[in-house]
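Report on the structure given below.
Treat the numbers as computed from the prediction; the structure is a model and nothing was measured. Reminder, nothing fancy here: chain letters follow the sequence lines and each chain counts from 1.
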Number of protein chains: 2
Amino acid sequence: MEKLKKTGMKQTPQRLAIMHHLEGNKCHPSAEDIYKSISPKFPSMSFATVYNTLENLKDHGLIKELTIESGKKRFDPDTSDHHHLICVKCKKIVDLPQEIQLQQKALTTAGVIKGFRILSTQINIYGLCPECTKTSS
Amino acid sequence: MEKLKKTGMKQTPQRLAIMHHLEGNKCHPSAEDIYKSISPKFPSMSFATVYNTLENLKDHGLIKELTIESGKKRFDPDTSDHHHLICVKCKKIVDLPQEIQLQQKALTTAGVIKGFRILSTQINIYGLCPECTKTSS
DNA sequence: ATATTTAAATAGAATAATTACGATTTTATA
DNA sequence: TATAAAATCGTAATTATTCTATTTAAATAT
């Protein structure tokens with residue numbers, strides 16, 4: 001948990017609470033989710049603090065920002081190389097097994113063809129989760 | 001162009017203008033981009049009409065909505081199966097060659113493991129475009 | 001332990017993108 | 001040309017996020 005120290009970030013109660021909430025969290029919460037779940041303990045905490053903290057954690061590589069639904073940022077404490085399944089009905093987001101990847105050849109091709117310096121890749125697979133598949137006739 | 005008829009959507013001047021603007025457009029424009037480029041010809045056109053139209057076109061499968069930067073929707077008239085390279089510096093979005101795809105095996109695995117019914121896949125590759133690679137020391 | 005420095009937190013306003021809504025107008029069709 | 005359904009307009013409301021000025025607290029040096 002005290003990865004904060006390594007990054008040189010100050011250890012504040014709000015930050016610790018936010019990190020603690022994220023740690024091991026598989027729900028890919030939004031800023032609002034985080035705010036709601038933490039503000040009872042920190043009634044004075046501002047929304048701006050949540051955004052600031054998330055931005056800082058992201059800049060220091062402790063979390064990832066997901067771009068899954070336009071209109072809302074989501075955050076993932078799992079910084080390992082993995083991707084996501086999104087249920088278009090219930091909006092649930094679950095991790096994909098790590099073996100789901102782009103063909104390496106393809107990526108290289110992209111690099112060569114476009115002259116792009118690739119920094120990261122995000123794969124979103126949209127569909128219906130098992131539960132929603134059942135309930136949608 | 002008159003794909004509209006097939007969908008049963010009414011042919012209004014605003015819609016035709018929006019469709020015409022999108023046709024063959026490789027810029028992946030946002031609602032605002034579209035509004036700005038069309039409003040000179042339709043000074044009375046409302047922003048709501050742009051959103052309504054884009055939503056309708058999407059529902060009828062004539063365009064795709066891209067989820068690339070959180071906070072802003074972008075639209076793509078190319079509904080074929082393809083993905084995108086995004087320059088994190090200048091925000092340019094370019095199409096990836098179609099051969100960039102997920103391993104089929106991987107997708108099947110996802111379907112089996114998670115019981116998901118897969119509807120669509122979006123791959124975003126983030127990086128620096130050739131120009132921005134040069135100018136960032 | 002205390003003072004100093006500096007980064008972080010706060011509140012609130014501002015902005016941006018999108019959605020909602022009721023009144024009016026237009027389109028397609030009979 | 002009358003009619004009904006759908007689209008448009010203008011505005012208000014909402015949602016997510018960012019900004020700014022000020023206060024507060026953490027880390028560090030004394």
If you look only at distance, which donor and acceptor atoms sit under 3.5 Å apart when one is on a side chain in residues 59-67 of chain A and the other is two or more places apart or in another chain?
{"unit_1": "A:H60", "atom_1": "ND1", "unit_2": "A:N56", "atom_2": "O", "d": "2.9"}
{"unit_1": "A:K64", "atom_1": "NZ", "unit_2": "A:S80", "atom_2": "O", "d": "3.2"}
{"unit_1": "A:E65", "atom_1": "OE1", "unit_2": "A:K58", "atom_2": "NZ", "d": "2.6"}
{"unit_1": "A:E65", "atom_1": "OE2", "unit_2": "B:S70", "atom_2": "OG", "d": "3.4"}

Spacing of A:I68 atom CD1 relative to D:dA16 atom P, expressed in whole Å: 16 Å
Integer-rounded Å distance: D:dA25 C1' and A:Q14 CD: 9 Å
Student check: side-chain heavy atoms of B:M19 and B:L57 closer than 4.5 Å: yes
B:Y51 side chain near C:dT18 phosphate (N/O to OP1/OP2, under 4.0 Å): yes
Nearest atoms (heavy-atom pairs only) where B:F47 meets B:E32: CZ-CA, 3.8 Å
Residues B:R74, B:E69: salt bridge by 4.0 Å N-O rule: yes
Nearest-nucleotide 5' precedence on DNA chain C, B:K72 against B:T12: B:K72
Whole-Å gap separating P (C:dA9) and CD1 (A:I18): 8 Å
Nearest-Å distance for atom pair NZ/P, residues A:K73 and C:dA16: 15 Å
Distance, rounded to the nearest Å, where B:E55 contributes CD and C:dT18 contributes P: 11 Å
Touch class at under 4.0 angstrom, heavy-atom based, for B:N52 against every strand present: base
Separation of atom CG in B:L54 from atom P in C:dT19, rounded to whole Å: 10 Å
From B:F75 atom CZ to B:N25 atom CG, the distance as rounded to the nearest 0.5 Å: 12.5 Å
Distance-only donor-acceptor test, A:K10 side-chain atoms vs C:dT6 base atoms, 3.5 Å: yes
Spacing between B:K58 atom NZ and C:dT19 atom C1', to the nearest angstrom: 13 Å
Touch class at under 4.0 angstrom, heavy-atom based, for B:T53 against every strand present: sugar-phosphate
Heavy-atom side-chain proximity of B:L54 to B:L22 below 4.5 angstrom: yes
Distance in Å, B:L85 CG paired with B:I123 CD1, rounded so as to fall on 0.5 Å steps: 11.0 Å
Stretch residues 33-49 of chain A: residues that reach within less than 4.0 Å of DNA chain C through a heavy atom: A:S44, A:M45, A:S46, A:A48, A:T49
Atom pair distance, as rounded to whole Å: CD in A:E32 and P in D:dT18: 15 Å
